[in-house]
Amino acid sequence: MKVVLIRHGKVNFKWRLWYTSEQFNEACRQYNLAPIQQIEYSIPEGVYSCYYISMLSRTRETAQSIFGERNYIATKLIDEVPLSASYNTWIKMPLMFWNVTGRIQWFFNNSKQKENRLQTEKRANQFVKVVMEKNEDCVVVTHGFFMHMLVSELKKYGFTIDNKLTKYANGDYVVARTS
């Protein structure tokens with residue numbers, strides 16, 4: 001079985017450099033609603049039985065851009081790990097601050113984040129089980145941060161990972177295979 005994981009296309013959204021906590025939360029919401037920019041994709045050729053996308057529109061737009069109109073299976077199991085401000089303040093802080101502190105809170109299972117690391121791992125594990133039950137070659141269009149979790153879970157189930165990266169740019173892909 002072969003699973004091709006693809007990070008969605010580049011989102012047509014301009015992040016500012018500084019945000020209050022409320023502004024950061026709103027920017028994250030707007031990012032999730034923004035369309036993708038059209039880019040060229042280099043995806044391994046193959047015949048795939050299933051095409052999975054997340055519930056966020058950027059994965060559907062990416063999938064349609066690559067594969068055209070198909071019967072896509074949309075699931076929350078492969079949504080991006082949500083991010084929110086790490087604390088409430090009217091003081092503007094750098095974007096990097098919000099991103100780093102939010103992910104640190106996520107890692108340590110802090111309740112300030114909408115989802116913690118253990119919940120994300122569980123979600124990734126549930127999705128891998130779905131894919132394994134179908135036992136068909138498939139494409140999964142998902143999100144950069146979540147791809148790391150998905151790759152880890154696939155490895156736990158004995159998948160080998162081709163072209164694993166430390167950071168997934170928009171449009172990058174990873175191929176996971178069973179023997």
Side-chain angles (χ1 to χ4, degrees), residues 3-44 48 50-107 110 112-117 119-121 123-124 126-127 138-151 163 165-174:
V3 180
V4 179
L5 306 175
I6 304 169
R7 183 176 179 202
H8 63 80
K10 185 165 177 55
V11 178
N12 191 13
F13 184 83
K14 178 91 168 117
W15 288 95
R16 294 194 327 240
L17 296 177
W18 295 80
Y19 292 100
T20 65
S21 56
E22 187 175 306
Q23 290 170 337
F24 178 74
N25 289 336
E26 177 59 19
C28 289
R29 193 182 78 70
Q30 291 297 321
Y31 178 81
N32 283 339
L33 298 172
I36 64 164
Q37 299 172 5
Q38 294 303 313
I39 63 172
E40 296 247 345
Y41 299 92
S42 172
I43 305 303
Y48 305 103
C50 300
Y51 297 82
Y52 295 96
I53 58 173
S54 79
M55 299 302 286
L56 298 167
S57 62
R58 59 188 177 262
T59 62
R60 178 176 297 278
E61 291 176 38
T62 302
Q64 288 173 332
S65 177
I66 299 169
F67 304 105
E69 287 300 321
R70 298 212 181 253
N71 248 349
Y72 296 108
I73 302 167
T75 175
K76 288 184 175 199
L77 292 176
I78 58 173
D79 278 358
E80 179 60 293
V81 178
L83 185 62
S84 55
S86 50
Y87 73 98
N88 295 325
T89 182
W90 290 101
I91 299 170
K92 287 189 177 185
M93 305 295 282
L95 175 61
M96 177 76 77
F97 170 83
W98 295 117
N99 287 330
V100 170
T101 57
R103 289 306 184 210
I104 288 171
Q105 285 180 334
W106 167 85
F107 183 82
N110 186 296
K112 184 74 173 157
Q113 295 303 310
K114 295 174 187 167
E115 180 177 272
N116 63 44
R117 180 175 45 86
Q119 292 166 325
T120 304
E121 287 172 354
R123 191 163 52 90
Q126 288 174 314
F127 181 73
C138 63
V139 169
V140 179
V141 183
T142 188
H143 306 270
F145 193 80
F146 187 72
M147 279 179 72
H148 290 286
M149 301 303 295
L150 209 43
V151 165
N163 61 316
L165 303 170
T166 55
K167 184 176 189 298
Y168 300 106
N170 299 105
D172 280 350
Y173 71 89
V174 172

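What's counted below: heavy atoms across the whole structure, side chains too, no hydrogens, waters or symmetry copies.
Pairing each heavy atom of Ile78 with each of Ser54, the nearest pair is O-CB, 3.5 Å.
Trp15 is linked by a side chain to side chain contact (heavy atoms under 4.5 Å, CB included) to Phe13, Tyr19, Phe24, Ala27, Cys28, Tyr31, Leu95, counting only residues two or more places apart in sequence or in another chain. Lys14 is linked by a side chain to side chain contact (heavy atoms under 4.5 Å, CB included) to nothing, counting only residues two or more places apart in sequence or in another chain. Residues satisfying the salt bridge (charged side-chain N to carboxylate O under 4.0 Å, His left out) test with Arg70, not counting sequence neighbours, are none. With sequence neighbours left out, Ser65 forms a side chain to side chain donor-acceptor pair (under 3.5 Å) with Gln38. By the salt bridge (charged side-chain N to carboxylate O under 4.0 Å, His left out) test, Glu115 is found to be paired with Arg123, residues two or more places apart in sequence or in another chain being considered.
For Tyr52 and Tyr72, the ring centers are positioned 6.0 Å apart or more.
Residues Tyr51 and Val141 fail the side-chain proximity criterion, which asks for heavy atoms closer than 4.5 Å. When side chains are defined from C-beta on, Leu150 counts as touching Leu5, because their heavy atoms get closer than 4.5 Å.
Aromatic ring orientation, Phe97 versus Tyr87: perpendicular (interplanar angle above 60°, classes split at 30° and 60°).
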Show, in sequence, the C-alpha distance, side-chain angles and deciding distance for His143 and Thr59, and conclude whether the side chain to side chain contact (heavy atoms under 4.5 Å, CB included) test is met.
CA-CA 8 Å; His143 306 270; Thr59 62; 3.4 Å; yes
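Remark: the backbone N or O of Phe145 is paired with a side-chain donor or acceptor of Glu80 at under 3.5 angstrom. A donor-acceptor contact shorter than 3.5 Å is absent between the side chain of Ser21 and the backbone of Ala85. Side-chain atoms of Asp79 come within 3.5 Å of backbone N or O of Met55 as a donor-acceptor pair.
None of Lys114, Gln119, Arg117, Lys112 except one satisfies the side chain to side chain contact (heavy atoms under 4.5 Å, CB included) rule with Trp106; the exception is Arg117.
Among pairs with a residue in residues 18-42, those fulfilling salt bridge (charged side-chain N to carboxylate O under 4.0 Å, His left out) read Glu26-Arg29, at least two apart in sequence or across chains.
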